[in-house]
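Heads up: the structure comes next, in structure tokens.
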2 protein chains.
Amino acid sequence: MTASASRKTRQKDAVWQALHAQDDFVSAQDLHKVLNDSGCRIGLATVYRRLNALHLSGNLDCIEHGGLRLYRICTAQRHHHHHLVCESCGRTIEITPPDDGWLQSVASAHGFTVSSHTLEVYGLCGDCQATQTDE
Amino acid sequence: MTASASRKTRQKDAVWQALHAQDDFVSAQDLHKVLNDSGCRIGLATVYRRLNALHLSGNLDCIEHGGLRLYRICTAQRHHHHHLVCESCGRTIEITPPDDGWLQSVASAHGFTVSSHTLEVYGLCGDCQATQTDE
DNA sequence: CTGGATGCAAACGCTTTGCAAATAG
DNA sequence: CTATTTGCAAAGCGTTTGCATCCAG
């Protein structure tokens with residue numbers, strides 16, 4: 001077993017690059033469009049495969065919203081960060097809870113081990129609060 | 001405009017009843033199965049329509065996980081509760097964060113208003129930790 | 001009666017998968 | 001050369017929708 005090599009391909013690189021160019025969560029389809037727009041020929045399925053792989057290997061954060069999956073490079077390998085999502089414009093801001101401790105306590109109180117957790121806060125950002133006047 | 005009446009039907013009642021009988025989040029399909037099992041003939045589409053309506057009218061909480069939508073009667077108009085979800089057996093336990101305050105602070109620090117938030121904690125429950133021995 | 005509600009099945013949108021062709025090592 | 005990766009298109013999944021029928025008021 002010669003350690004089934006993970007081959008380095010133009011597409012893998014492209015996906016990784018494109019992810020870095022994003023500063024918000026993107027869907028697979030978004031990323032696929034971005035890639036093709038920038039002249040990189042790549043199949044949608046490949047984008048999905050890459051995104052899944054990267055998520056599994058812990059390099060991508062993933063949130064689900066509105067029935068679709070959004071990915072983002074996991075900048076914080078060491079610290080969970082969560083998000084403040086504007087329900088109107090979709091803007092996302094990373095937030096850090098001051099206290100992860102209670103979570104562990106509560107979990108173990110129920111005999112649970114914690115492998116991951118997600119916290120998504122929905123609301124309106126400043127701009128959209130202003131725009132809320134027109135319904 | 002004679003206030004387009006919302007008719008009271010056997011199915012509407014059934015869905016509402018069934019929701020009350022659940023003590024965990026359920027998917028539309030789950031609920032549909034439960035209903036048909038209990039002898040109530042109802043279409044899947046109707047369950048979906050009812051669930052959406054109830055969610056819109058603010059009577060149902062909704063979380064998304066694994067690409068599907070789970071609903072639960074919104075018992076806590078007054079207090080958010082979150083969940084401890086076992087990744088193996090799917091068991092769900094309600095947990096209550098000791099401190100919702102920081103959330104509001106962080107949000108307003110970014111100019112956000114908070115309309116809702118979800119916190120889901122994934123891990124393994126005691127039973128499943130024991131069963132983890134077989135891979 | 002009348003129009004909202006239902007049931008069915010087809011349509012949908014996002015994601016995954018089968019398989020043959022392409023290509024990295 | 002060989003096996004991983006890709007691309008395409010078809011399949012899969014949960015959900016929504018069109019339309020004829022049904023039934024509450």
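Because only heavy atoms are used, hydrogens play no part in the values below, and waters and symmetry mates are left out as well, while side chains stay in. The chains referred to below are lettered A, B, ... by the order of the sequence lines, with proteins before strands, and numbering in each begins at 1.
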Euclidean distance, atom NZ of residue Lys12(A) to atom C1' of dT23(C) [Å, nearest integer]: 12 Å
Separation of dC13(D) C1' from Glu64(B) CD (nearest whole Å): 15 Å
[X]: what forms a side-chain contact (heavy atoms from CB on, under 4.5 Å) with it, not counting sequence neighbours?
X        : value
Gln29(B) : Ser27(B), Leu44(B), Tyr48(B)
Asn52(B) : Tyr71(B)
Gln22(A) : Val26(A), Leu31(A), Val34(A)
Thr46(A) : Gln11(A), Ile42(A), Arg49(A)

Any residue meeting ring pair (Phe, Tyr, Trp, His ring centres under 6.0 Å) with His32(A), in chain and number order, not counting sequence neighbours: none
Rounded (10°) bend between the five-pair end axes of the helix from dC1(C)-dG25(D) to dG25(C)-dC1(D): 30°
Minimum heavy-atom distance between [X] and [Y], given as atom pair plus value:
X         : Y         : answer
Val114(A) : Ala107(A) : CG2-CB, 3.3 Å
Cys62(A)  : Arg69(A)  : SG-CG, 3.2 Å
Leu35(B)  : Ala18(B)  : CD2-CB, 3.8 Å

Distance test, side-chain N/O of Arg69(B) to OP1/OP2 of dT16(D), below 4.0 Å: yes
Summary of salt bridge (charged side-chain N to carboxylate O under 4.0 Å, His left out) pairs that have at least one residue in residues 6-19 of chain B, sequence neighbours excluded: Lys8(B)-Asp13(B)
Sidechain-backbone polar pair: Glu64(A) side chain, Gly66(B) backbone, donor-acceptor under 3.5 Å: yes
Proximity to DNA chain C (any heavy atom under 4.0 Å), residues of residues 26-44 of chain A only: Gln29(A)
Within residues 45-55 of chain A: residues closer than 4.0 Å to DNA chain C (heavy atoms): Ala45(A), Tyr48(A), Arg49(A), Asn52(A)
Side chain to side chain contact (heavy atoms under 4.5 Å, CB included) evaluation trace for Val106(B) with Val121(A): CA-CA 10 Å; Val106(B) 175; Val121(A) 185; over 6 Å; no
Provide a list of protein-nucleic acid N or O atom pairs under 3.5 angstrom, restricted to nucleotides 22-25 of chain D.
none

Nearest-0.5 Å distance, CG of residue Leu84(A) to CD1 of residue Ile93(A): 5.5 Å
Derivation and outcome, side chain to side chain contact (heavy atoms under 4.5 Å, CB included), residues Asp61(B) and Ile73(B): CA-CA 6 Å; Asp61(B) 264 345; Ile73(B) 285 188; over 6 Å; no
